[in-house]
Amino acid sequence: MRACNLFERFMTRILITSATQYINGIKHLGNLAGSMLPADVYARFQRARGVETLYICATDEHGTPAELAAAAAGQDILTYCEEQHRLQADVCAAFGLSWDWFGRSSSPQNRALTQHFADVLEDNGLVEERVDQMVYSIDDKRYLPDRYIEGICPVCGFGAARGDQCDNCGSLLDPIDLKEPYSVISGSRNLEVRETRHLYQLHSKVQDRIRAWMDSQADWPLLARSIAYKHLDEGLIDRGITRDLTWGVPVTRNGLPRPGFEDKVFYVWFDAPVEYIAATEEWAAANDGNWRSWWRTDEGAEDVRYVEFMGKDNVAFHTVTFPSTILGSGEPWKLVDMLKASNWLNWYGGKFSTSQKRGVFMDTALELLPADLWRWYLTANCPETSDTAFTWEQFQSSANRDLADVLGNFVNRILKFCETRFDGVIPAGGGPGEIERRLYADVSAKLTELTDYMEAIEVRKSAQALRSLWVLGNEYLQEAAPWTAIKTDPDRAAVIVRTATNLVGLFARVSAPVIPFSAEKICEAIGESYPLTWPSLDAAAELSRMEPGRPVRAPEVLFKKVEDDQVAEWIERFGGAE
């Protein structure tokens, strides 16, 4: 079965979410490559095909990262979150991320839904109060939930494991398990374990249902399935869903403050995934939409295909923790149909890091170069099956070789020729010959391949297939040689220019999901409306869409080459191989 036919087996609408983004600062290129950009490419592709598509994302505003970042900025947390949400929304829009809604986990909708899920889980016997042991910092005069405490991972020995998870081995942790722990707030090791009451979600009672659900997801990427089964095979443990914090969703029971929990909030990893649903409710409130038809299978969501995009460090929470909430509720909520998990885009030999300011961040990237150069590189080098190392040298090569030398060269070359020899008008005359018929066959084959890969969310292979299409244009020009034909056979030259100009239009349509700004510039040059629809697989028809007589013009250089002195400057500024 061709991959593009998989959609016919599913539903008629597409719901897409990319991982909620921590509020603590502008995201780095690793965040963009791991979830937001692949999700955007897929959303743009589905919209171009005419599929009703809703792409949702949000800022994750609760928990330790928000509190620590606000304190470091000298701002109260509400002001900090409002400001950072605007900044993230602006830089992501500048990168062309086409969210239908960019929500906030601090929204009233998320508060109400989080409290609702806690209630129904408790009604179903899946939440209970327990006397818990938590680390208390004597010097800071406060409990240290999760990310307020770091230490040595008890599983792999990593020296900077957080209280909730080790970023090195992926193990989910409890703060009291850490070796040689210290306070993130003050660095103090003057810590002790004290008793406090918290709510626990009983994942152990739902694990059989989660395993049965995972068993039905055979078409998921191996990365997502292997992480899920790792935790299932180890046996799910009951986990606390409240924390001793003041910023977050208040702990209630049936709409009233829960006695003894007045100074606690729900754990960020309990409320953050709920924000996918809540953000859709936010979108509906602003757009007169029906959010329940996207999320409730008893109210229309049975025809929705739900696709999640995220980096591997978030997979456990979305294949175990959040499904435990959805399944445990006993309510007809939509479960994810496809979880597209990515590995990490690393900075040379190490990780990008928001907290350590390591690597290039999205706002800085746009100061250096246009968004499409980054979008192309990160798509063509998407860390799908293994971690991928960013290097300036590889980035330069990809931008110059693929965009400037292949696509940009073809577009400018043929449109300038049309301007010079045919007064900037698509010429009439002549008819397709053997070269064109071979081109039709080759283009149809590549269009089929590209469409299949895009539908299957094979990100790297999609980029390779897209580049192969661009190459066909240059090969056609080289073989057909309109600059030679114009001297002896103007009709033959007209056929070549007409065909090649239609190739320009085709390239704009298939490139738009990946490099939307450049595709729009190409459209302006050839008089095509934007946004674009995805082409049919009939190349003969596609390469005769634009009829003779249409005026066209060569655009300014689409892709300026990245020069060696720029790379040297950036290596000096941002670091390179260590």
Side-chain angles (χ1 to χ4, degrees), residues 17-20 34-35 60 63 105 113-114 117-118 120-122 124-128 130 146-147 153-156 161-175 177 198-243 266-277 295 306-331 333-343:
T17 61
S18 54
T20 55
S35 63
D60 179 1
S105 68
L113 275 170
T114 297
F117 277 114
V120 296
L121 288 170
E122 188 165 358
N124 294 341
L126 297 174
V127 168
E128 67 181 25
R130 293 183 181 179
D146 299 317
R147 297 193 179 198
C153 175
V155 178
C156 70
R162 303 191 309 264
D164 61 346
Q165 185 180 24
C166 175
D167 278 344
N168 186 60
C169 69
S171 296
L172 301 182
L173 303 174
D174 189 291
D177 295 332
H198 280 289
L199 296 182
Y200 268 71
Q201 186 174 356
L202 309 185
H203 298 298
S204 58
K205 289 189 175 183
V206 190
Q207 64 180 355
D208 289 344
R209 278 182 277 175
I210 295 176
R211 182 178 289 275
W213 172 64
M214 277 303 308
D215 288 345
S216 68
Q217 310 304 325
D219 59 339
W220 282 20
L222 177 61
L223 177 62
R225 300 181 78 244
S226 63
I227 292 174
Y229 281 120
K230 172 183 179 292
H231 291 282
L232 288 167
D233 292 343
E234 291 173 352
L236 301 188
I237 61 174
D238 303 333
R239 301 189 68 85
I241 58 169
T242 54
R243 294 293 186 268
F266 282 107
Y267 176 37
V268 64
W269 269 116
F270 184 71
D271 84 79
V274 176
E275 172 59 15
Y276 298 128
I277 306 174
W295 284 102
Y306 174 26
V307 184
E308 286 182 343
F309 291 79
M310 68 192 57
K312 62 183 177 183
D313 51 333
N314 285 334
V315 168
F317 296 106
H318 291 80
T319 57
V320 175
T321 306
F322 189 43
S324 178
T325 297
I326 295 295
L327 291 169
S329 75
E331 298 176 332
W333 296 101
K334 178 71 183 173
L335 282 161
V336 62
D337 294 298
M338 169 61 71
L339 194 155
K340 179 66 176 180
S342 296
N343 287 277

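No hydrogens, no waters, no symmetry mates; every other heavy atom, side chains included, goes into these values.
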What are the two closest heavy atoms between [X] and [Y], and how far apart are they?
| X | Y | value |
| --- | --- | --- |
| Pro221 | Met338 | CD-SD, 3.6 Å |
| Gly125 | Lys205 | O-NZ, 3.6 Å |
| Leu173 | Cys166 | CD1-N, 3.8 Å |
| Leu339 | His318 | CD1-CB, 4.0 Å |
| Val336 | Trp213 | CG1-CZ2, 3.6 Å |

Qualifying residues under side chain to side chain contact (heavy atoms under 4.5 Å, CB included), relative to Gln165, sequence neighbours excluded | Arg162, Asp167, Leu172, Phe317

Can you sort out the partners of Ala19 under side chain to side chain contact (heavy atoms under 4.5 Å, CB included), two or more places apart, ordered by chain and number?
-> Gln21, Ser35, Tyr276, Met310, Asn314

With sequence neighbours left out, what residues match Trp220 under side chain to side chain donor-acceptor pair (under 3.5 Å)?
-> Gln217

For Asp177, side chain to side chain donor-acceptor pair (under 3.5 Å) partners two or more places apart = none

Only pairs under 3.5 Å count here: list side-chain donor-acceptor contacts from residues 323-331, not counting sequence neighbours, and write none if there are none.
{"from": "Ser324", "atom 1": "OG", "to": "His203", "atom 2": "ND1", "distance (Å)": "2.8"}
{"from": "Thr325", "atom 1": "OG1", "to": "Gln201", "atom 2": "NE2", "distance (Å)": "3.1"}
{"from": "Ser329", "atom 1": "OG", "to": "Ile326", "atom 2": "O", "distance (Å)": "2.7"}
{"from": "Ser329", "atom 1": "OG", "to": "Glu331", "atom 2": "N", "distance (Å)": "3.1"}
{"from": "Glu331", "atom 1": "OE1", "to": "His116", "atom 2": "NE2", "distance (Å)": "2.9"}
{"from": "Glu331", "atom 1": "OE1", "to": "Trp333", "atom 2": "NE1", "distance (Å)": "2.8"}
{"from": "Glu331", "atom 1": "OE2", "to": "His116", "atom 2": "NE2", "distance (Å)": "3.1"}

Distance from [X] atom [atom1] to [Y] atom [atom2], nearest 0.5 Å?
| X | Y | atom1 | atom2 | value |
| --- | --- | --- | --- | --- |
| Leu236 | Asp208 | CG | CG | 9.0 Å |
| Ile241 | Phe266 | CD1 | CZ | 5.5 Å |
| Leu202 | Asn124 | CG | CG | 11.0 Å |
| Asn343 | Leu223 | CG | CG | 5.0 Å |
| Asn168 | Asp313 | CG | CG | 12.5 Å |
| Ile227 | Leu222 | CD1 | CG | 9.5 Å |

Give a yes or no on whether the backbone of Tyr306 and the side-chain of Asp337 come within a donor-acceptor separation of less than 3.5 Å.
-> yes

Would you say the side-chain atoms of Arg243 pair up with the backbone N or O of Gly240, donor to acceptor, closer than 3.5 Å?
-> yes

Qualifying salt bridge (Lys or Arg N to Asp or Glu O under 4.0 Å) pairs with a residue from residues 225-236, counting only residues at least two apart or across chains = Arg211-Asp233, Lys230-Glu234

Do Trp295 and Leu113 have side chains that get closer than 4.5 Å, going by heavy atoms?
-> no

Indicate yes or no: at least one non-hydrogen side-chain atom of Thr321 is less than 4.5 angstrom from one of Phe270.
-> no

Check: Tyr229/Thr319 side-chain N/O donor and acceptor closer than 3.5 Å | no

